[in-house]
Amino acid sequence: MQALSRTVFIVLLSVFSMFAAARTSSAQESKKENRATITGRVTLEGKPVPRVTVILTSSDRYMNLTQSAPPVRATTDEDGRYRMTGLSAGSYAVSPNVPAFVVVEERVGQLGQTVNVLEREDAEDINFTLKQGGVITGRITDGEGKPIIGGRVNLMQVDEQGRTFEKPYANGFRFMTDDRGVYRVYGLQPGRYKVSFGDSTDGRSMRPAFAGGGYPRTFHPDVADAARSPFVEVTAGIEATGIDITVGRRSRSYAATGRVIDAATGAPIANIQFGYGVLPDQKHIMPVGGGGSRTNANGEFRIESLPTGRFAVFVVSQEESEFYGEPSVFEVADSDVSGLEIKLQRGSTVSGVAAIEGTEDPDVLAKLAKLEIRAWVQSESLSQPSFAPTKFGVNGSFRLAGLQPGKVYLTLSNYPPVKGLSLLRVERDGVEQLTASLVDSRSAGTR
C-alpha cells in the first residue's frame with residue numbers, strides 16, 4: 001500500500017469531565033502492553049482472493065454488537081494475504097467479509113475462526129478457504145394471506161448433536177421481507193436450519209418497531225413448537241425455496257412512557273432523540289426501534305407495541321452533544337409501564353488531529369474533510385449505544401464530546417469508505433496506541 005493512501009491520527013488527547021479527579025498517564029500504560037500480529041490468507045478454489053476485508057472483533061461480540069469495541073479491519077493483497085498488527089493478548093474472532101460466500105473452516109455457531117493471541121506471540125497462517133454459500137427463501141403472510149412487509153425472519157442452525165445456534169443479525173437486511181413478503185437469506189453455511197418468524201416470549205428476537213412487531217413466533221411450516229418444525233437442508237450454492245410461514249394474529253402489546261431529564265437539575269429536556277432495545281444480558285443493549293423518535297415539549301417519550309420482555313430505553317447520541325444518557329431498564333409483563341427516567345449527564349471530551357502520511361498533495365489532503373470519526377465507549381456499566389459520528393475540520397482536527405466514563409475506541413465510520421484512505425495508527429503524546437484503543441477515560445481524569 002502506498003504511503004499516501006494511509007491515514008495516521010496524531011491524537012493530542014484532552015479529556016474533560018464534570019467528574020475530574022487525579023490523572024494517570026495512559027501513554028505510560030501503553031508502553032507496558034505486549035503487541036501481537038495475526039496473519040493469514042484467503043483463497044477460493046485454490047486461488048488467492050484479493051481486496052477482501054478481513055474483520056477482527058472481540059470473541060464476545062456476538063452478544064454485544066453495539067457495546068464492544070469497533071472491529072479491526074485489514075484488506076487482502078493481490079496474493080490474498082492479510083496482516084493485523086498491534087494486538088494485545090486475548091481471544092478474537094477473525095472472519096473475511098464475503099456475504100455470498102462461507103468459510104470452510106467455520107464451525108456451527110461460530111463466525112469465522114476464534115484466535116487466542118498470547119503475549120509477544122504472533123498468530124500465523126490463520127487462513128480461510130471460501131465456497132459459495134447456500135440460500136433459504138420463502139414468503140411470510142398473515143392469516144388473511146396478506147404479505148408481511150419489512151419483517152425479519154429468524155434462522156437457527158442445528159449441529160449434529162441437536163444443539164441450536166441462532167444466526168446473528170450482523171447484516172440484518174439479509175433477513176428482511178420485501179413488499180411481497182418474500183425473504184431471501186444468502187451466504188449460509190451448509191447444514192440443517194429451522195426457520196421462524198415473530199417474537200419469542202423473552203423479547204430477544206423482537207423485530208424493529210417499523211416492521212410491525214407483535215406476531216407470535218411461528219416456525220415453518222406454520223407451527224408454534226420448534227420440535228415440530230422440519231429441518232431445512234442447506235447445500236453450498238443451492239437455493240432452498242418455498243420455505244413459507246403463515247403467522248397468527250398479533251399478540252397483545254404494551255406501551256412504556258417516561259421522561260428525559262437533566263441529572264443535575266431534574267428539569268425535563270425536550271426534542272431529544274431516543275431509542276430502545278432488548279437486553280440479552282446485564283451489560284448490553286441490542287437496539288430494535290425508536291431511533292427516529294423525540295421527546296415532546298415536556299421531555300416525555302412513549303414507546304408503543306412492546307411485547308413482554310426486558311428492555312432499556314436510551315437517548316440516541318447526537319453530533320456535538322455534550323451529554324450522555326443513563327439508560328432506563330424496564331420489564332414488560334402484563335401491563336403498560338410508566339414513570340421511566342433517562343438522566344442526562346455531562347460527559348468527557350476527546351479531541352485530536354488527523355494527518356495523511358507521506359504526501360502534501362492538496363487534492364489528497366482535501367479528503368480529510370470528507371472523513372467521519374466515531375467514538376465507542378466500553379463501560380463497566382450499561383451504556384447507551386453509540387450512533388453519531390463527527391466530521392473532521394479542514395485542518396484535520398476533531399472533537400468528540402458527551403462520552404461516558406470507560407475505555408474509548410476510535411474508528412472511521414464513513415460508508416461507503418473514502419477511496420484511498422485507511423487508518424494506519426493512533427498516537428497519544430507521541431506513543432502509538434493499541435489498534436483502536438485510545439484511553440480509559442477514568443484513568444485520564446474522569447474517575
Side-chain angles (χ1 to χ4, degrees), residues 1 30 32-44 46-131 133 157 159 163 165-171 187-191 280-281 283-284 376 378 407 409-412 422-426 432-438:
M1 182 180 293
S30 69
K32 300 177 183 179
E33 295 286 354
N34 294 299
R35 308 298 181 86
T37 299
I38 294 178
T39 59
R41 193 167 186 242
V42 181
T43 59
L44 174 64
K47 298 180 180 179
V49 185
R51 295 178 295 280
V52 164
T53 300
V54 180
I55 300 174
L56 176 145
T57 63
S58 172
S59 60
D60 67 349
R61 188 171 174 84
Y62 310 115
M63 291 300 293
N64 188 10
L65 296 177
T66 63
Q67 299 300 319
S68 63
V72 176
R73 300 172 186 269
T75 303
T76 58
D77 61 18
E78 294 302 317
D79 194 37
R81 300 188 183 279
Y82 70 92
R83 180 181 178 86
M84 296 175 171
T85 61
L87 303 173
S88 60
S91 181
Y92 299 95
V94 185
S95 178
N97 182 26
V98 278
F101 292 83
V102 295
V103 176
V104 173
E105 295 83 2
E106 198 170 273
R107 297 181 304 207
V108 176
Q110 174 184 334
L111 184 62
Q113 297 188 54
T114 298
V115 181
N116 294 313
V117 177
L118 303 178
E119 293 182 358
R120 300 180 183 274
E121 291 189 13
D122 296 340
E124 301 176 341
D125 295 324
I126 308 302
N127 302 323
F128 299 94
T129 307
L130 303 181
K131 65 180 176 182
Q157 191 171 5
D159 67 10
R163 296 174 298 182
F165 300 86
E166 192 144 351
K167 299 293 286 184
Y169 293 132
N171 181 1
L188 294 174
Q189 278 281 1
D281 53 40
K283 293 181 62 175
H284 308 129
W376 303 72
Q378 191 173 40
K407 180 171 287 188
Y409 298 80
L410 298 186
T411 180
L412 296 180
S422 61
L423 181 64
L424 175 60
R425 68 179 179 270
V426 177
E432 184 177 354
Q433 302 295 294
L434 295 177
T435 302
S437 178
L438 286 180

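Given the structure is predicted, the values throughout are model-derived calculations rather than measurements.
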Taking C-beta and beyond as the side chain, do [X] and [Y] meet within less than 4.5 Å on heavy atoms?
X	Y	value
I55	S95	no
V42	L130	yes
R41	P48	yes

Pair D159 + R163, salt bridge at N-O below 4.0 Å = yes

Roughly how far, to the nearest 0.5 Å, is the [atom2] atom of [Y] from the [atom1] atom of [X]?
X	Y	atom1	atom2	result
D122	T37	CG	OG1	4.5 Å
T39	R81	OG1	CZ	8.5 Å
R73	T57	CZ	OG1	10.0 Å
R83	E124	CZ	CD	8.5 Å

Nearest non-hydrogen partners of [X] and [Y], listed with the distance:
X	Y	answer
Q189	V103	NE2-O, 2.5 Å
V117	A36	CG1-CB, 3.1 Å
T76	V54	CG2-CG2, 4.1 Å
M84	V72	CE-O, 3.8 Å
G187	V102	O-CG1, 3.4 Å

Verify, without hydrogens or angle tests, whether T53 (side chain) and N97 (backbone) share a donor-acceptor contact under 3.5 angstrom.
-> no

For I126, which residues count as a side chain to side chain contact (heavy atoms under 4.5 Å, CB included) partner, sequence neighbours excluded?
->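 Testing I126 for side chain to side chain contact (heavy atoms under 4.5 Å, CB included), a comparison that skips the adjacent residues, returns I38, Y82, Q113, V115, A123, F128.
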
